Number of protein chains: 2
Amino acid sequence: MTPKVSSIVEGDGCAVRMIHPEKIQRARDRSIDIREIHRLTAVYKALSDPTRLRIITALKGEEMCVCDLAAFLGISESAVSHQMRRLKDLALVRSRRDGQVLYYVLDDDHVGDLIDLGLEHIRE
Amino acid sequence: MTPKVSSIVEGDGCAVRMIHPEKIQRARDRSIDIREIHRLTAVYKALSDPTRLRIITALKGEEMCVCDLAAFLGISESAVSHQMRRLKDLALVRSRRDGQVLYYVLDDDHVGDLIDLGLEHIRE
DNA sequence: TCTATATATGCTCATATGTTCATATATTCA
DNA sequence: TGAATATATGAACATATGAGCATATATAGA
């Protein structure tokens, strides 16, 4: 099969080369809304850092406070706090205050599931 | 419940503050091997960029070549090629050559599952 | 109110990342 | 073999990111 190049000219005047216009059209048809793409990448980004991933796997078991997470991870409490803020902004964790201590928990089972599925992938 | 701070001194001579030593121990007990952590973060990192995520969702439907992906995404073929290399290094895609054209496919159903689960998470 | 403790925040720096441009490689066809 | 096409690669650059330090806020207890 010899593919034939078809070129179209876009609105901005730039020629765009495409070999299979129908494939491109189908890709557009099944594409996910760009806002969802960005929210999705934000979630994966949260899981894409070793520190954050270790935090999340730790929280998969039970709630923990900043101080204990810092001891578990071997990094400063400030660094943990920065990461917790990110995770909180993404609604992956939520906190519960008991006196001076903030306990963090996973906000959602999906997060744990994502990690389990990822593990399954790399272990196969 | 008033937590009591216990401090231990680590091998390097630094005092580490911990409120719940038993929580830290349990977190250690259930912790994932650090090598797996890094492989896992690499996979999530692959999904954490809008361009790559759109590439993967496009390939969820059918195989596509660099040229068509570039047209679909609206970015240069070089940029696509760089990303395909990353995805290939992570074994998320594989390629099939037909003449001058390289067709990429998802190498693994898990990747698609990861995305579906992520979508479920953000849509709930 | 004053002090101690637990966590958060702003700033900064080193490093990582994504894209572009120019160039290289690989394949097809004349 | 030489030209054209499809993709890959390397260097450069702008931006993003994670962590540390200093400082701020919040809560508890004296």
Side-chain angles (χ1 to χ4, degrees), chain A residues 1-7 14-20 23 37-38 41-42 44-55 63-71 73-90 93-104, chain B residues 1-7 14-20 23 37-38 41-42 44-55 63-71 73-90 93-104:
Chain A
M1 184 186 80
T2 310
K4 293 179 181 119
V5 174
S6 32
S7 289
C14 293
V16 174
R17 196 166 57 85
M18 47 179 75
I19 299 185
H20 311 88
K23 273 178 182 282
I37 289 282
H38 280 100
T41 55
Y44 292 125
K45 192 162 278 187
L47 304 176
S48 71
D49 172 75
T51 299
R52 281 193 297 273
L53 192 55
R54 292 179 70 206
I55 289 174
E63 62 174 19
M64 288 179 77
C65 69
V66 174
C67 166
D68 290 336
L69 283 169
L73 298 166
I75 64 175
S76 73
E77 296 172 23
S78 170
V80 172
S81 188
H82 277 290
Q83 298 294 11
M84 297 323 288
R85 189 165 121 96
R86 281 201 64 166
L87 295 176
K88 204 170 181 178
D89 286 346
L90 286 166
V93 303
R94 63 173 192 278
S95 57
R96 172 180 78 80
R97 182 181 279 279
D98 182 14
Q100 295 163 275
V101 183
L102 274 177
Y103 293 92
Y104 283 95
Chain B
M1 184 187 77
T2 311
K4 295 182 180 112
V5 175
S6 32
S7 289
C14 293
V16 174
R17 198 167 55 85
M18 47 178 74
I19 298 185
H20 312 89
K23 273 177 182 283
I37 288 282
H38 280 99
T41 55
Y44 292 125
K45 194 162 277 186
L47 305 176
S48 72
D49 173 75
T51 299
R52 281 194 298 274
L53 192 55
R54 292 178 71 205
I55 289 174
E63 63 175 19
M64 289 179 76
C65 70
V66 173
C67 166
D68 290 338
L69 283 169
L73 297 166
I75 64 174
S76 73
E77 296 172 22
S78 171
V80 173
S81 187
H82 277 291
Q83 297 294 11
M84 297 323 287
R85 189 165 120 96
R86 280 200 64 166
L87 295 175
K88 204 169 183 178
D89 286 346
L90 286 166
V93 303
R94 62 173 193 278
S95 58
R96 172 180 78 80
R97 183 180 278 281
D98 182 14
Q100 294 162 273
V101 183
L102 274 176
Y103 293 93
Y104 283 95

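So that the names make sense, note that chain A is the first sequence line, chain B the second, and so on, each numbered from 1. It should be emphasised that the depicted structure is a prediction, and the values quoted were computed from it without experimental measurement.
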Side chain of [X] - closest among [options]:
X         : options                  : answer
Val101(A) : dT17(C), dG18(D), dT7(C) : dT7(C)
Ala79(A)  : dG20(D), dT7(D), dA6(C)  : dG20(D)
Gln83(A)  : dT17(D), dT7(C), dA19(D) : dA19(D)
Ser81(A)  : dT7(D), dG18(C), dT7(C)  : dT7(C)
Asp49(B)  : dG18(C), dG18(D), dT7(C) : dG18(C)

Which is more 5' along DNA chain D, the nucleotide nearest Cys65(B) or the one nearest Lys45(A)? Just name the residue. Cys65(B)

Is [Y] close to [X] at the side-chain level, that is, under 4.5 Å between some pair of heavy atoms?
X        : Y        : answer
Leu47(A) : Arg52(A) : no
Asp49(B) : Thr41(A) : no
Met84(A) : Leu69(A) : yes
Ile19(B) : Cys65(A) : yes

Would you kindly give the [atom1]-to-[atom2] distance between [X] and [N], to the nearest whole Å?
X         : N       : atom1 : atom2 : answer
Ile75(B)  : dT20(C) : CD1   : C1'   : 11 Å
Arg85(A)  : dT25(D) : CZ    : P     : 15 Å
Arg86(B)  : dT9(D)  : CZ    : P     : 15 Å
Leu53(A)  : dG18(D) : CG    : C1'   : 15 Å
Met84(A)  : dA19(D) : CE    : P     : 13 Å
Tyr103(B) : dA8(D)  : OH    : P     : 13 Å
Lys88(A)  : dT9(C)  : NZ    : P     : 9 Å
Leu73(B)  : dT7(D)  : CG    : C1'   : 16 Å

All side-chain contact (heavy atoms from CB on, under 4.5 Å) counterparts of [X], not counting sequence neighbours:
X        : value
Ser78(A) : Ser76(A), His82(A)
Val66(B) : Glu77(B), Val80(B), Tyr104(B)
Arg94(A) : Val105(A), Asp107(A)

Hey, does the side chain of [X] come within less than 4.0 Å of [N]'s phosphate (OP1/OP2), counting only N and O?
X         : N       : answer
Ser76(B)  : dT20(C) : yes
Arg52(A)  : dT17(D) : no
Tyr104(B) : dA8(D)  : yes

Verdict with supporting geometry, Gln83(B) and Arg86(B), side chain to side chain contact (heavy atoms under 4.5 Å, CB included): CA-CA 5 Å; Gln83(B) 297 294 11; Arg86(B) 280 200 64 166; 4.1 Å; yes

Results of side chain to side chain donor-acceptor pair (under 3.5 Å) for Glu63(B) - residues two or more places apart only: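 Checked Glu63(B) against side chain to side chain donor-acceptor pair (under 3.5 Å); matches are Arg96(B).
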
Grab the two heavy atoms, one from Val93(A) and one from Lys88(A), that are nearest each other, plus how far apart they are.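 Smallest interatomic distance, heavy atoms only, reads CG2-N, 3.8 Å.
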
Can you say whether a donor on the side chain of Ser78(A) sits under 3.5 Å from an acceptor on the base of dC21(D), or the other way round?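 Result: at least one qualifying N/O pair found.
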
Give each protein N/O atom lying under 3.5 Å from an N/O atom of nucleotides 24-27 of chain C, with the pair distance.
unit_1, atom_1, unit_2, atom_2, d
dT27(C), O2, Gln100(B), NE2, 3.4

Extract from the structure each pairing of a protein N or O with an N or O of nucleotides 11-14 of chain C at less than 3.5 Å, listing the distance.
none

